[in-house]
Number of protein chains: 2
Amino acid sequence: MSHTSGVRQAQKEKTRRALLDAGLRLLEDQSLSSLGLREVTRVVGVAPAAFYRHFRDLSDLGVALVEESLGSLHALIRAILADQIGDQERIEATVEAVAEQVRRYPAHIRFIARERHGGVRPVREAIAAELDRFADEVADSFAPQLTPEGWSAEDIRILAQMYVDHMVMTATAFLEVPPDCPEEEHRVADTARKQLLLISLGRRHWRDG
Amino acid sequence: MSHTSGVRQAQKEKTRRALLDAGLRLLEDQSLSSLGLREVTRVVGVAPAAFYRHFRDLSDLGVALVEESLGSLHALIRAILADQIGDQERIEATVEAVAEQVRRYPAHIRFIARERHGGVRPVREAIAAELDRFADEVADSFAPQLTPEGWSAEDIRILAQMYVDHMVMTATAFLEVPPDCPEEEHRVADTARKQLLLISLGRRHWRDG
DNA sequence: TCATTCAGTAAACATCTGTTTGCTGACTTT
DNA sequence: AAAGTCAGCAAACAGATGTTTACTGAATGA
């Protein structure tokens with residue numbers, strides 16, 4: 001029988017965190033496939049061999065970062081979808097939430113954007129799977145309203161995917177705004193709102209195209 | 001005075017092409033920041049030092065690949081925009097053109113998708129600049145029709161950007177289809193068409209939202 | 001024809017990489 | 001208190017990396 005928290009396990013978890021944090025930091029200006037194992041351990045201040053006590057290799061660390069990065073986004077989406085409000089307010093809330101997420105966890109968002117189509121297969125697949133789950137969830141939340149309007153399940157799913165893709169797009173757009181440049185930030189937010197409005201309009205007139 | 005084509009220059013151009021081709025091939029399963037200079041020269045069958053006769057470094061080669069990759073896409077977009085046809089047909093033509101482009105130059109498209117948010121700044125910036133030019137061009141082609149309908153230049157530009165982003169999105173979606181799987185390919189095309197239709201609907205009802 | 005140019009070469013450079021090995025010593029269990 | 005576990009270490013490994021150097025020899029220009 002093993003305790004879930006002893007001094008032992010706590011220390012281990014601490015170094016694991018340090019490795020993840022160091023990795024995330026280094027990944028701000030390079031991509032995962034060029035990240036070195038020694039590079040990470042050097043930042044943490046630990047011997048290279050210690051890395052293997054926590055991860056099989058770097059792509060393993062990458063997959064862990066994916067779950068961490070998209071975990072918080074997941075909670076955020078749930079919250080927005082839960083609020084039963086009008087289109088206009090929902091758009092406002094969504095864009096603001098994305099902006100806030102980017103402000104709070106820029107490195108996580110950058111990591112996702114970079115590795116979504118990056119050179120490391122397992123990481124790419126982990127991101128794709130997670131984003132698919134997002135789209136499913138959004139589709140589920142749309143179904144009660146759209147199905148009675150005559151929407152097919154497939155079309156609802158397509159719409160949901162569009163919202164998810166747009167969210168990722170908006171997040172990366174915020175990311176490219178130079179720091180402390182609220183003007184550009186407002187421009188990005190404005191663009192995002194208008195694009196969401198356009199999608200909403202399209203959705204409203206879908207059945208009478 | 002130097003001739004623009006001697007046996008000399010022709011050979012040089014030939015090696016340059018070989019380097020670009022080798023790079024592009026290697027970049028199908030890795031990203032630019034992890035690509036090695038020696039790796040490229042090895043494939044070409046040339047000494048490592050020869051690389052420097054053509055490119056300052058790998059990101060220089062990357063920038064050259066950006067221009068090459070987006071050059072053909074540019075011509076393609078022009079062609080679609082030039083045809084003055086209805087929404088429905090335009091959507092059909094656009095999706096088919098993107099599909100064809102991906103079939104013809106998968107490596108180029110993959111490269112763009114991968115490096116758009118990749119770890120090499122100059123390449124990222126080159127892609128962003130080129131996509132911006134795309135959006136400008138699309139906006140210009142929309143202006144004659146939309147301006148009389150009361151659209152502002154800013155809103156036209158936002159719409160154009162949406163189309164460009166969607167095109168890139170569709171291209172990468174085609175890319176993720178396993179080879180020789182026409183079923184999945186049709187599904188992606190269908191999704192793309194419906195999303196474009198949705199945007200069209202939104203556009204038509206923009207001023208009476 | 002002869003001097004020049006320059007794409008490509010071979011070799012050496014210092015430096016970095018991932019991974020394996022056997023070991024230590026603090027924590028944990030009995 | 002004794003036995004066992006196991007996170008982290010130091011060292012060594014073979015091999016790869018980017019870059020510089022002085023060079024060769026074929027295409028070029030006068």
Side-chain angles (χ1 to χ4, degrees), chain A residues 1-23 25-27 29-65 115 118-123, chain B residues 1-23 25-27 29-65 115 118-123:
Chain A
M1 183 97 159
S2 65
H3 283 106
T4 54
S5 106
V7 179
R8 198 73 173 259
Q9 304 246 2
Q11 249 306 328
K12 179 166 184 182
E13 190 58 34
K14 206 170 150 191
T15 11
R16 195 186 126 98
R17 265 251 58 81
L19 287 168
L20 287 167
D21 289 344
R25 182 152 84 75
L26 290 165
L27 286 170
D29 355 76
Q30 66 186 294
S31 49
L32 184 57
S33 56
S34 73
L35 183 64
L37 177 155
R38 300 180 95 107
E39 211 176 336
V40 178
T41 58
R42 198 181 307 127
V43 169
V44 175
V46 88
F51 182 90
Y52 296 101
R53 300 285 183 206
H54 303 274
F55 304 100
R56 193 185 312 278
D57 52 25
L58 276 166
S59 80
D60 195 15
L61 180 142
V63 171
L65 281 178
E115 300 305 328
V120 183
R121 166 121 32 151
V123 171
Chain B
M1 184 100 156
S2 67
H3 284 107
T4 53
S5 105
V7 178
R8 198 71 172 261
Q9 304 245 0
Q11 251 305 330
K12 179 166 185 182
E13 191 58 34
K14 206 170 149 191
T15 337
R16 194 187 127 97
R17 265 252 57 82
L19 287 169
L20 287 168
D21 290 343
R25 181 152 83 75
L26 291 165
L27 287 171
D29 356 78
Q30 65 186 295
S31 50
L32 184 58
S33 58
S34 73
L35 182 64
L37 177 155
R38 299 180 96 107
E39 211 176 336
V40 178
T41 58
R42 197 181 307 126
V43 169
V44 175
V46 90
F51 182 89
Y52 296 102
R53 300 284 183 208
H54 304 274
F55 304 100
R56 193 184 314 274
D57 52 23
L58 276 165
S59 77
D60 195 15
L61 179 142
V63 172
L65 281 177
E115 300 305 327
V120 183
R121 166 121 33 153
V123 172

Between [X] and [Y], which heavy-atom pair has the shortest distance, and what is it?
{"X": "A:S31", "Y": "B:S31", "answer": "OG-OG, 3.4 Å"}
{"X": "B:V123", "Y": "B:V63", "answer": "CG2-N, 3.9 Å"}
{"X": "A:P122", "Y": "A:S59", "answer": "CG-OG, 4.1 Å"}

request  = Quick one: do B:L32 and B:L65 satisfy side chain to side chain contact (heavy atoms under 4.5 Å, CB included)? Show the steps, please.
outcome  = CA-CA 11 Å; B:L32 184 58; B:L65 281 177; over 6 Å; no
ask   = Taking atom CG of B:L26 and atom CZ of B:R42, what is their separation to the nearest 0.5 Å?
value = 9.0 Å
note = Separation between CG (A:D21) and CZ (A:R16), nearest 0.5 Å, reads 11.0 Å
key: DNA chain D: stems of at least 3 consecutive Watson-Crick or G-U pairs whose donor-acceptor distances fall under 3.5 Å   = C:1-12 with D:19-30, C:14-17 with D:14-17, C:19-30 with D:1-12
inquiry  = Between A:E115 and A:G62 (side chain of the first, backbone of the second, donor and acceptor by atom type, cut-off under 3.5 Å), is there such a pair?
reply    = no
inquiry  = Any side-chain N or O of A:T15 below 4.0 angstrom from OP1/OP2 of D:dA7?
reply    = no
Using nucleotides 23-27 of chain D, report all nitrogen or oxygen pairs with the protein that are shorter than 3.5 Å.
from, atom 1, to, atom 2, distance (Å)
D:dA27, O3', B:R8, N, 3.3
D:dA27, N3, B:R8, NH1, 3.2

[X] [atom1] to [N] [atom2], straight-line distance once rounded to whole Å:
{"X": "B:K12", "N": "D:dT28", "atom1": "NZ", "atom2": "P", "value": "13 Å"}
{"X": "A:F55", "N": "D:dA7", "atom1": "CZ", "atom2": "P", "value": "13 Å"}
{"X": "A:F51", "N": "C:dT20", "atom1": "CZ", "atom2": "C1'", "value": "16 Å"}

ask   = So A:K12 and A:H54, side chain to side chain contact (heavy atoms under 4.5 Å, CB included) or not? Walk me through it.
value = CA-CA 8 Å; A:K12 179 166 184 182; A:H54 303 274; 3.4 Å; yes
Is there any protein nitrogen or oxygen under 3.5 Å from a nitrogen or oxygen in nucleotides 14-21 of chain D, and what are the pairs?
from, atom 1, to, atom 2, distance (Å)
D:dT17, OP2, B:R42, NH2, 2.7
D:dG18, OP1, B:L37, N, 2.4
D:dG18, OP2, B:L37, N, 3.3
D:dG18, OP2, B:R38, N, 2.9
D:dG18, N7, B:R38, NH1, 2.5
D:dG18, O6, B:R38, NH1, 3.0
D:dT19, OP2, B:Y52, OH, 2.6
D:dT19, O5', B:Y52, OH, 3.0
D:dT19, O4, B:R38, NH1, 3.4

key: Residues A:V120, A:L58; criterion side chain to side chain contact (heavy atoms under 4.5 Å, CB included); working and verdict   = CA-CA 10 Å; A:V120 183; A:L58 276 166; over 6 Å; no
query = Do the non-hydrogen side-chain atoms of B:D60 and B:F51 ever get within less than 4.5 Å of each other?
reply = no
